[in-house]
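Accompanying notes for the structure given below.
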Number of protein chains: 2
Amino acid sequence: MLAKKTQYALKALTYMAEQHSAGPFLIADIGSKKKIPIKFLESILLELKKAGILNSKKGKGGGYFFNQDPSTIQLATIMRLIEGPIALLPCVSLHFYKKCNDCNEKKCGLNKIMKEVRDNTLSILENRTVQDLV
Amino acid sequence: MLAKKTQYALKALTYMAEQHSAGPFLIADIGSKKKIPIKFLESILLELKKAGILNSKKGKGGGYFFNQDPSTIQLATIMRLIEGPIALLPCVSLHFYKKCNDCNEKKCGLNKIMKEVRDNTLSILENRTVQDLV
DNA sequence: CTTTATCCTTCAATTTCAATAGGAAAATAT
DNA sequence: ATATTTTCCTATTGAAATTGAAGGATAAAG
């Protein structure tokens, strides 16, 4: 199960992508529509901004908006950014790999199956974008 | 990423299934071979026993052994038992479903994609057994 | 120069996770 | 019987992560 933070991030992006306007969108609006605590959401959006996914404008008429076209933002990117590894085991992760100290990965049946799960999951999450959420 | 507890459970079962003998296997042996803290492993194996996956015998010559044929134990069963939900969101979980309060699940793009991930993952985890780990 | 809204740091509550301690109960061997 | 071995059970601890709040700084607009 994804952490609440990740769920919130995905929901917020979904909301933004669903709107007809390109923004900017207020934290308070996103939060009330998607039932996300404002202050928590604030930190999440800031993180997305620092990663270059979103951009923002301060003051009246300000808010958050996409810094890239939503159709270019992979869901896998968001999840790795907020959640961390997508794989189920460290020894099977592409971006957060850690060597297994109790088995030979080449021969390990668990490793093999978990890699299969990973590849299946990535084939979806790396080929769907924020645009596909609408 | 799976919790350490779940990783340990899978590793312990892998170890047991790999042996030529049918056991019983000592907690201490499994723990030292798979680098799992003994006391932690103890509670995990007990949990697997209470769920009917394993059985045990006390005293000299005792230990843990399979209560069912490893080829009948789905990996999904183990994961749900120790980890909980396999799905990435509550609103797409089959065994731990929780309704979404901020979207219409029928129309939600996030819901749709996460269901796809879930189905893909389950198609592997429900069709691979502990026996497939060797 | 007031209002609006994001930015940033700090902090706090709670929960979860990982692991340990210590002994009770059961089985076996002597 | 008694000692040894091994699982069973309860409780607790310590650390870390999660979730979220407080309060003010900064920037933009009117």
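We name chains A, B, ... by the order of the sequence lines, and we start the count at 1 in each one.
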How many Å lie between [atom1] on [X] and [atom2] on [N], as a whole number?
X     : N      : atom1 : atom2 : answer
B/D29 : D/dT7  : CG    : C1'   : 14 Å
A/K50 : C/dT6  : NZ    : P     : 15 Å
A/L46 : D/dT26 : CG    : P     : 15 Å
A/N55 : C/dT6  : CG    : C1'   : 11 Å
A/M16 : C/dT6  : CE    : P     : 11 Å
A/I27 : C/dA5  : CD1   : P     : 10 Å
A/K58 : C/dC8  : NZ    : C1'   : 9 Å

Checklist outcome for this item: Residues at least two apart in sequence or cross-chain that pass ring-ring contact (aromatic ring centres under 6.0 Å, His included) with B/Y97, listed by chain then number, are none
Next on the checklist: Between B/T121 and B/L88, does the side chain to side chain contact (heavy atoms under 4.5 Å, CB included) criterion hold? Intermediate values first, please.
Outcome noted: CA-CA 10 Å; B/T121 301; B/L88 296 178; over 6 Å; no
Next on the checklist: Is the shortest side-chain heavy-atom distance between B/S93 and B/R118 below 4.5 Å?
Outcome noted: no
Next on the checklist: Does A/L45 reach a base, just sugar-phosphate, or nothing at all? Heavy atoms under 4.0 Å.
Outcome noted: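 Counting heavy atoms under 4.0 Å across all strands, no contact is made by A/L45.
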Checklist entry - What nucleic acid atoms does A/L26 come within less than 4.0 Å of, heavy atoms only: base, sugar-phosphate, or nothing? => result sugar-phosphate
Next on the checklist: How close do B/C103 and A/K34 get, counting heavy atoms only, and between which atoms?
Outcome noted: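 Nearest heavy atoms, B/C103 then A/K34: CB-NZ, 3.9 Å.
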Checklist entry - For every nucleotide of nucleotides 14-22 of chain C, 5' to 3': is a protein heavy atom under 4.0 Å from its base (B), only from its sugar-phosphate (S), or from neither (-)? => result ----SSBBB
Checklist entry - In a check of side chain to side chain contact (heavy atoms under 4.5 Å, CB included) between B/L75 and each of B/D132, B/L125, B/T129, B/N127, which one passes? => result B/L125
Next on the checklist: Under 3.5 Å, is there any donor-acceptor pair linking the side chain of B/K60 to the base of D/dT4?
Outcome noted: no
Item to check | Same cluster (ILVMFWY, side-chain, under 4.5 Å), A/L122 and B/M114 | outcome: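 Yes, A/L122 connects to B/M114 through the hydrophobic network.
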